[in-house]
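Comments concern the structure below.
Note that these values count all heavy atoms, side chains included, but never hydrogens, waters or copies made by symmetry.
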Amino acid sequence: MQRLLDKRIIRQVTPIFDTRALGYSSMLVAAKVDPERPHRAAQVINEHPGVSHNYLRTHEFNLWFTIATEPDSKLGLDGTLEVLAEEAGAESLRQLPTLRLFKIRMDLEMEGDTEALARAVEATGPVQLDPQPYDELDVAVIRALQGDMQVVPEPYAAAAADVGLPQASFLEHLAGMQERGLLRRVAAILYHRRAGFSANGMGVWRVPEERIGDVGPRMACVRGVSHCYQRPTYADWPYSVFTMAHGRSKEECDAVLDAIAAQTGIRERATLYSSTEFKKIRLLYFTEDFKNWESRHT
């Protein structure tokens, strides 16, 4: 594991907690910023601790970021986005919260060809996104364990000691948090480009409202798709289903999305490719960073 980290084949080993289950408000946002100076707007947006991903994409709405705010945020998502839009000089923002989550899982085909990536491998249904109850012990466990885990023989020992639990009890509590939906999993996060998957395309689809419940799961079951959501539409944004396709080239991403079109009969789509990655981190929960940001910007 240390060798994979040293060679930058994997980014980190980390617990992945569920943002919505913990009561955080989160969404994808599309911003229209100055195409001549997108780095300035990205820098402003990246300063918010709840921004975990931020990409420049090939579209009129050129800056795409995900943002989360704490359950007790005074500004909330709407107020936070108003501040960010003003400070970043954004001409327009489109809020794109998740209405239905059909898939969120990276399952790359490391040995197969493009046909394997475009193949449907499993059926899936919408995932529950409601906040779940948790207590102070859960918060203490999250604070102690979140972030990069050390590569040591007993990687949970230090966090268990911080919480004041025997390691066996700590692991039992973690298993309970997973059953309750607070913890998704503990995972090694891959550097996709180092693994050969250098392209990703966000395929957005204009799906009739009455067909979304049927089409969404079918799009989600394609092997080369890591994320699949239903999101709201606007007069200038008619696309309701989002699929993130991964491939070893832009052509392979296009092939995955073409296969989805053939399988579902949905032809009207746009594909947005990322040209610059401004930020990609794992969100840290229950820190002072959120309150400190709000105190500086209100």
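Side-chain contact check for His173 versus Asp138: some heavy-atom pair is nearer than 4.5 Å. Contact annotation: the side chain of Leu28 never approaches that of Pro97 to less than 4.5 Å [non-hydrogen atoms, C-beta and beyond]. Under the 4.5 Å side-chain criterion, counting only non-hydrogen atoms from C-beta, Thr66 is not in contact with Asn54. Taking the side chain as every heavy atom from C-beta outward, Met219 and Val241 approach each other to under 4.5 Å. In this structure, the side chains of Phe17 and Leu283 stay at 4.5 Å or more apart for every pair of heavy atoms. Taking the side chain as every heavy atom from C-beta outward, Met202 and Phe242 approach each other to under 4.5 Å. At least one side-chain heavy atom of Trp64 sits under 4.5 Å from a side-chain heavy atom of Leu272. Looking at heavy atoms from C-beta onward, Ser274 lies in side-chain contact with Arg57 at the 4.5 angstrom threshold.
Environment of CZ in Arg267: crowded, with over 12 heavy atoms of neighbouring residues, nucleotides or ligands closer than 6.0 Å. Applying the 6.0 Å contact sphere to CD of Gln167 captures more than 12 heavy atoms from other residues, nucleotides or ligands.
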key: side chain to side chain contact (heavy atoms under 4.5 Å, CB included) evaluation trace for Arg20 with Ser26   = CA-CA 7 Å; Arg20 290 286 188 92; Ser26 64; 3.5 Å; yes
task = Begin with the C-alpha distance, continue with both residues' side-chain angles, and end with the deciding distance and a verdict on salt bridge (charged side-chain N to carboxylate O under 4.0 Å, His left out) for Arg143 and Asp162.
result = CA-CA 9 Å; Arg143 284 174 171 159; Asp162 286 346; over 6 Å; no
key: ring pair (Phe, Tyr, Trp, His ring centres under 6.0 Å) between His39 and Phe278, intermediate numbers included   = CA-CA 8 Å; His39 293 74; Phe278 291 121; 5.1 Å; yes
message = Run Glu70 and Tyr24 through side chain to side chain contact (heavy atoms under 4.5 Å, CB included) and show every step you take.
response = CA-CA 5 Å; Glu70 288 188 306; Tyr24 281 65; 3.6 Å; yes
query = Yes or no on side chain to side chain contact (heavy atoms under 4.5 Å, CB included) for Thr14 and Ile189, after CA distance, side-chain angles and deciding distance?
reply = CA-CA 8 Å; Thr14 184; Ile189 309 301; 4.0 Å; yes
query = Between Leu81 and Ile67, does a side chain to side chain contact (heavy atoms under 4.5 Å, CB included) hold up when you go through it step by step?
reply = CA-CA 9 Å; Leu81 290 174; Ile67 186 169; 4.2 Å; yes
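Glu47 CD to Leu84 CG: the interatomic distance, rounded to the nearest 0.5 Å, is 9.5 Å. With values rounded to the nearest 0.5 angstrom, Ile16 atom CD1 is found 4.0 Å from Arg185 atom CZ. For the atom pair Asn46 CG and Lys279 NZ, the distance stands at 5.0 Å (nearest 0.5 Å). Between atom CD of residue Gln146 and atom OH of residue Tyr285 there is a gap of 8.5 Å, rounded to the nearest 0.5 Å. Annotation: the span from Leu190 atom CG to His246 atom NE2 amounts to 10.5 Å, rounded to 0.5 Å. Considering OG of Ser240 and CD of Gln230, their distance stands at 6.0 Å, rounded to 0.5 Å.
Ionic pairing of Arg40 and Asp34 is not present here: no N-O contact between side-chain nitrogen and carboxylate oxygen is shorter than 4.0 angstrom. Salt-bridge formation is detected for the pair Lys291/Asp72: a Lys NZ or Arg NE/NH1/NH2 atom is positioned less than 4.0 Å from an Asp or Glu carboxylate oxygen. Salt bridge annotation for Asp148-Arg282: absent, with no cationic side-chain nitrogen under 4.0 angstrom from a carboxylate oxygen.
Closest of all the heavy-atom pairs between Ala21 and Asp18 is N-OD1, 2.9 Å.
Side-chain contact of His297 with Glu87: a donor-acceptor pair under 3.5 Å is present, judged by distance alone. A donor atom on one side chain and an acceptor atom on the other are found under 3.5 Å apart for Trp205 and Thr243. Between the side chains of Asp78 and Gln95, at least one donor-acceptor pair of N or O atoms lies under 3.5 Å. A donor-acceptor contact under 3.5 angstrom links the side chains of Arg231 and Thr98, judged on distance only.
Under the 4.5 Å side-chain contact rule for hydrophobic residues, Leu145 and Ile142 share a cluster. Clustering ILVMFWY residues whenever any of their side-chain heavy atoms sit less than 4.5 angstrom apart, transitively, puts Val83 in a cluster other than the one holding Phe290. Each of Leu101 and Met27 belongs to its own hydrophobic cluster when Ile, Leu, Val, Met, Phe, Trp and Tyr are linked at side-chain heavy-atom distances under 4.5 angstrom. Follow the hydrophobic side-chain contacts under 4.5 Å out from Val204 and you never reach Val207; the two are in separate clusters. Leu77 and Leu22 sit in two unconnected hydrophobic clusters of ILVMFWY residues. Membership requires side-chain heavy atoms under 4.5 Å apart, directly or through other members.
Ring-centre distance between Phe61 and Tyr234: not below the 6.0 Å cut-off.
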Result block: side-chain N/O donor-acceptor pairs under 3.5 angstrom for residues 253-262, not counting sequence neighbours:
residue	atom	partner	partner atom	Å
Asp254	OD1	Tyr273	OH	2.5
Asp254	OD2	Lys250	NZ	3.1
Asp258	OD1	Arg269	NH1	3.2
Asp258	OD1	Arg269	NH2	2.9

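Aromatic ring orientation, His48 versus Trp293: perpendicular (interplanar angle above 60°, classes split at 30° and 60°).
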